[in-house]
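The figures that follow rest on heavy atoms only: side chains count, while hydrogens, waters and symmetry mates do not. In what follows, residues are counted from 1 in the order of the sequence shown.
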Amino acid sequence: MKFTFHMMRSGCLTLKMVYDGDMPPSMSGSCGACLNGKLYIFGGYDDKGYSNQMYYVNLRSGNREFTWKQVKHFKGQPPTARDKLSCWVYKDLLIYFGGYGSRRHNELNDCFDVHDASWEGQMFWGWNNDVHVFDTEKQNWIQPVVKNSPPQARAAHSCALLGNKGYVFAGRVLQTRVNDLHFLNLDTWTWSGGIQIIGEKPPGRSWHTLTPVGDDQLFLYGGLSAESVPLSDGWIYSFKTNVWTEFKHLPKDQPRLWHTACPGKDNEVMVFGGSKDDLLSIDTGHCNDLLIFQTQPYPLQRLCLDIIGKHSFQLRNQLSCLPLRLLDQVNKRITFWTAARFRQSRRESCYEINNNKTGW
């Protein structure tokens with residue numbers, strides 16, 4: 001079965017991609033991670049219930065035709081079925097933690113907090129705090145023996161990697177949403193225990209994101225509070241100082257939960273998608289705008305490239321004097337700012353049209 005995807009930008013058709021192979025079913029709460037050019041999808045919830053299946057697609061296909069494959073031939077025991085789990089990518093390993101899912105009676109252990117049960121079917125639902133590792137080279141599942149006490153079983157938490165430490169923050173724990181921070185040493189499989197933060201901490205939440213910026217900081221954004229209020233706050237955690245610092249000037253009218261986030265090359269954080277509603281009670285639609293947070297001052301070269309990109313028409317006669325490598329970077333910024341001006345003009349046109357309709 002083939003599936004054709006058309007990517008649209010600013011109303012123009014820019015890219016056509018064809019997918020075929022073992023297409024994953026439509027699911028929510030799956031965990032995606034990229035490693036060596038391949039996108040791996042594990043777990044999730046579909047119309048058949050919770051899943052513990054893994055799929056991957058090679059994103060480095062040169063002909064824009066992408067073939068999904070299900071990982072069927074592997075060694076070891078995969079995690080039990082679950083969704084809303086997290087993953088660290090370390091060396092050639094995909095390291096999974098936590099999540100909410102189902103287990104049979106003979107699969108119950110200390111890594112599982114029961115939430116509900118069907119005694120007739122001997123099926124239990126609840127939260128996990130176990131660690132499972134998939135070696136992508138050996139196609140092998142292992143469950144390492146961890147040292148020290150792990151975080152309490154949870155789901156809809158966030159994770160991020162700094163060096164060889166996999167950080168876990170917050171999430172849904174039983175009937176509340178917490179704000180604790182832990183890390184797992186991915187070389188020794190040793191848990192830190194709850195990190196004793198100096199000073200103020202972000203409020204408890206789930207369905208948020210935690211993104212590494214630089215070598216020693218994590219950026220936290222959004223989520224759903226313990227009072228089920230969508231959040232739009234941002235925080236920076238510094239590994240060196242062990243302090244959380246809140247961003248004071250973020251827009252308060254753009255809450256996000258169950259969104260995605262990734263770092264840029266200049267330590268900005270890009271947030272896309274998700275919802276602005278408490279999905280447990282209302283859903284007015286998902287977001288499709290891109291939020292960009294500048295977490296650190298831009299380097300001088302980036303600032304110069306942006307100035308040239310914004311004023312390329314005035315500087316057009318001088319551009320040919322630039323070295324070819326630098327000219328390539330300049331052309332990318334020119335393209336970016338040209339597209340930005342086009343989008344702005346479209347928004348202004350739509351605003352004028354809506355105002356005229358209101359005047360009718």
By side-chain contact (heavy atoms from CB on, under 4.5 Å), Asp306 pairs with (sequence neighbours left out) Arg302, Arg333, Trp337
Return yes if some donor-acceptor pair links the side-chain N/O of Thr260 with the main-chain N/O of Phe272 below 3.5 Å, else return no.
-> yes
Around Lys240, counting heavy atoms of other residues, nucleotides and ligands shown, do more than 12 lie under 6.0 Å from its NZ?
-> no
Examine distances only and state if a side-chain atom of Asp266 and a backbone atom of Glu268 form a donor-acceptor pair shorter than 3.5 Å.
-> no
Does any N or O in the side chain of Arg82 come within less than 3.5 Å of the main-chain N or O of Thr80, such that one atom is a donor and the other an acceptor?
-> yes
What about Tyr90 and Leu35, same hydrophobic cluster or not, with Ile/Leu/Val/Met/Phe/Trp/Tyr joined at side-chain heavy-atom distances under 4.5 Å?
-> no
Taking the six-membered ring for Trp and the full ring for Phe, Tyr or His, determine whether the centres of Phe247 and Phe219 are under 6.0 Å apart.
-> yes
Specify the closest pair of heavy atoms between Ile308 and Leu315, including all atoms of both residues, with the distance to one decimal.
-> CA-CD1, 4.0 Å
Under 4.0 Å between a Lys/Arg side-chain N and an Asp/Glu carboxylate O for Lys91 and Asp187?
-> yes
side-chain contact (heavy atoms from CB on, under 4.5 Å) partners of Gln296, counting only residues at least two apart | Gln217, Asn267
Under a 4.5 Å side-chain heavy-atom rule over Ile, Leu, Val, Met, Phe, Trp and Tyr, are Leu161 and Leu220 clustered together?
-> no
Side-chain heavy atoms of Leu218 within contact of Thr211, under 4.5 Å | no
How about Leu250 and Ser232: do any of their side-chain heavy atoms sit closer than 4.5 Å?
-> no
Would you indicate whether Arg316, at its atom CZ, is surrounded by more than 12 heavy atoms from other residues, nucleotides or ligands within a distance under 6.0 Å?
-> yes
Determine yes or no for a side-chain-to-main-chain donor-acceptor pair under 3.5 angstrom, with Asn129 supplying the side chain and Pro151 the backbone.
-> yes
Over 60° means perpendicular and under 30° means parallel, so classify the ring planes of Trp191 and His182, tilted if in between.
-> perpendicular
Could you check if a side-chain atom of Val213 sits within less than 4.5 angstrom of a side-chain atom of Val269, using non-hydrogen atoms only?
-> yes
Between Asp277 and Thr284, is there a donor-acceptor pair closer than 3.5 Å when you use the side chain of the first and the backbone of the second?
-> yes
Hydrophobic cluster membership, Tyr55 vs Tyr96, 4.5 Å side-chain cutoff = no
Applying side-chain contact (heavy atoms from CB on, under 4.5 Å) to Ile307 and not counting sequence neighbours gives His311
Pairwise side-chain hydrogen bond (donor to acceptor under 3.5 Å, both in side chains) hits with a residue in residues 194-210, at least two apart = Ser158-His208, Arg177-Ser206, Arg205-Asp233, Thr209-His259
Is there a chain of hydrophobic side chains (I, L, V, M, F, W, Y, each step under 4.5 Å between heavy atoms) that links Met27 to Tyr100?
-> no
ILVMFWY cluster, Ile41 and Val71 together (side-chain gap under 4.5 Å) | no
For Phe169, which of Phe97, Trp244, Tyr237 qualifies under ring pair (Phe, Tyr, Trp, His ring centres under 6.0 Å)?
-> Trp244
Heavy-atom neighbours of Phe239 CZ exceed 12 at 6.0 Å = no
Can you find a side-chain donor-acceptor pair between Gln77 and Gln143 that sits under 3.5 Å?
-> no
Asp328 atom CG: more than 12 heavy-atom contacts under 6.0 Å = yes
Tyr167 vs Phe183 aromatic rings, parallel, tilted or perpendicular, using cut-offs 30° and 60°?
-> tilted
Got more than 12 heavy atoms from elsewhere within 6.0 Å of CZ, Arg341?
-> yes
Without swapping roles, check the side chain of Arg60 against the backbone of Asn58 for a donor-acceptor pair under 3.5 Å.
-> no
Sort out for me which residue in Phe74, Phe66, Phe42, Tyr40 forms a ring pair (Phe, Tyr, Trp, His ring centres under 6.0 Å) with Tyr56.
-> Tyr40
Check against salt bridge (Lys or Arg N to Asp or Glu O under 4.0 Å), Arg256 and Asp289 | CA-CA 11 Å; Arg256 288 290 186 277; Asp289 52 344; 2.5 Å; yes
Asn179 side-chain N/O to Pro202 backbone N/O, donor-acceptor pair under 3.5 Å | yes
Please identify each residue that fulfils salt bridge (charged side-chain N to carboxylate O under 4.0 Å, His left out) with Asp283, with sequence neighbours left out.
-> none
Could you tell me whether the side chain of Thr136 and the main chain of Asp92 form a donor-acceptor pair under 3.5 Å?
-> yes
Under 3.5 Å donor-acceptor, Asn128 side chain and Gly99 backbone | yes
Report the residues that fulfil side-chain contact (heavy atoms from CB on, under 4.5 Å) with Lys248, sequence neighbours left out, ordered by chain and then residue number.
-> Glu246
